[in-house]
Amino acid sequence: MARDPQNPVDEELERAERDAEPQHQSTNDALDGDLEQFAESIEHEAGDTEGEANPEAEVLAARVEELEQELAEAKDQSMRAAADAQNARRRAEQDADKAKKFALEKFVKELLPVVDSLEKGLESMQEVDSTHREGMSMTLKMQLDVLSKFGVEQLDPQGEPFDPQFHEAMTMVPNPELEPNTVMDVMQKGYTLNGRLVRPAMVVVSKAAS
């Protein structure tokens with residue numbers, strides 16, 4: 001059976017399809033080109049943004065480092081101030097303690113001649129009846145006890161090595177029976193107040209025989 005000639009309508013449709021294929025391909029190519037250009041544009045903008053962010057990041061990093069240094073300096077100054085305040089408080093406490101300990105120094109100095117008089121009076125009462133001597137001795141002991149209660153100690157270095165920090169040598173006498181620089185005699189007793197010398201002991205010191 002012979003084939004029917006193609007319908008003119010079908011031929012027209014086939015021709016339209018053939019004409020449309022190049023146009024569709026060109027459209028796809030155009031879209032691909034536009035996408036590539038868009039991607040390149042995005043990458044370029046991102047690169048610009050990144051390049052612009054670097055200087056700002058460097059400025060922020062420098063500022064952070066500067067703030068850290070300022071913080072370290074502030075901490076150091078705070079520690080120094082605290083140490084200075086502690087030292088000042090300690091010195092104030094020490095000064096107050098010293099003032100408390102040695103507030104009586106002037107009074108003690110004024111009182112020592114009275115003690116000396118009692119001692120000399122007791123020495124001169126060797127031939128007086130024991131009742132009077134005992135009364136004088138008790139008065140002297142009470143006086144010394146009161147002084148001791150407030151930190152006053154008597155220095156009576158008879159027979160002890162001479163100590164220039166607490167003794168004052170009135171004279172030196174040759175004495176072969178004693179070691180050189182030994183206190184032979186105490187002419188006037190010394191006193192300390194809480195360890196501080198109020199009055200040195202006046203003494204006679206031995207020296208080697210010539």
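Since the model is a prediction, treat every value here as computed from it, not as a measurement.
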task = Can you sort out the partners of E66 under side-chain hydrogen bond (donor to acceptor under 3.5 Å, both in side chains), two or more places apart, ordered by chain and number?
result = R63

query = Has E73 got more than 12 heavy atoms of other residues, nucleotides or ligands less than 6.0 Å from its CD?
reply = yes

message = Quick one about Q143 and E119 (side-chain donor to acceptor, distance below 3.5 Å, no hydrogens or angles considered), yes or no?
response = no

query = Salt bridge between K149 and D145, side-chain N to carboxylate O under 4.0 Å?
reply = no

ask   = Any idea which heavy atoms bring F166 and L197 closest together, and the distance?
value = CD2-CD1, 3.9 Å

inquiry  = Assess the residue pair V173 and V205 against the criterion (side chain to side chain contact (heavy atoms under 4.5 Å, CB included)); give the C-alpha distance rounded to whole Å, side-chain angles, the decisive distance to 0.1 Å, and a yes or no.
reply    = CA-CA 6 Å; V173 177; V205 183; over 6 Å; no

message = If you apply the rule side chain to side chain contact (heavy atoms under 4.5 Å, CB included), what do you find for L111 with L147, and how did you get there?
response = CA-CA 9 Å; L111 190 60; L147 290 175; 3.6 Å; yes

task = Search all heavy atoms of G159 against all heavy atoms of T182 and return the closest pair with its distance.
result = O-CG2, 3.8 Å

inquiry  = Applying a strict under-4.5 Å side-chain criterion to I, L, V, M, F, W and Y, I'd like to know whether V186 and L140 cluster together.
reply    = no

message = Using only atom types and a distance under 3.5 Å, with no angle test, would you say the side chain of S137 pairs donor to acceptor with the backbone of R133?
response = no

request  = Determine, using the 4.5 Å side-chain heavy-atom cutoff (strictly less than), whether M172 and V183 are members of one ILVMFWY cluster.
outcome  = yes

query = If two hydrophobic side chains count as joined below 4.5 Å and joins carry through other members, does M136 share a cluster with V146?
reply = yes

task = Answer with yes or no whether the hydrophobic clustering places L155 together with V115; edges join I, L, V, M, F, W, Y residues whose side-chain heavy atoms lie under 4.5 Å apart.
result = no

Residues R90, D95: salt bridge by 4.0 Å N-O rule = no

message = Within a 6.0 Å radius of atom CD on E70, are there more than 12 heavy atoms belonging to other residues, nucleotides or ligands?
response = yes

S148 (side chain) donor-acceptor with L144 (main chain) under 3.5 angstrom = no

message = Tell me the closest heavy-atom pair linking A208 and P174, and the distance in Å.
response = O-CB, 4.1 Å

ask   = In the single-linkage hydrophobic clustering (I, L, V, M, F, W, Y; side-chain heavy atoms under 4.5 Å), do Y191 and V114 co-cluster?
value = yes

inquiry  = When you measure from the side chain of R199 to the backbone of Q188, do you find a donor-acceptor pair of N or O atoms at a distance under 3.5 Å?
reply    = no

request  = Please report the C-alpha distance between T192 and R196 in whole Å, then the side-chain angles of each, then the deciding distance to 0.1 Å, and finally whether the side chain to side chain contact (heavy atoms under 4.5 Å, CB included) criterion is met.
outcome  = CA-CA 5 Å; T192 60; R196 177 189 288 183; over 6 Å; no

key: Side-chain (D76) to main-chain (A72) donor-acceptor, under 3.5 angstrom   = no

message = Looking at S206 and M184, would you say the former's side chain and the latter's main chain have a donor-acceptor pair under 3.5 Å?
response = no

query = Closest approach of E105 and V198, non-hydrogen atoms and distance?
reply = CG-CG2, 4.5 Å

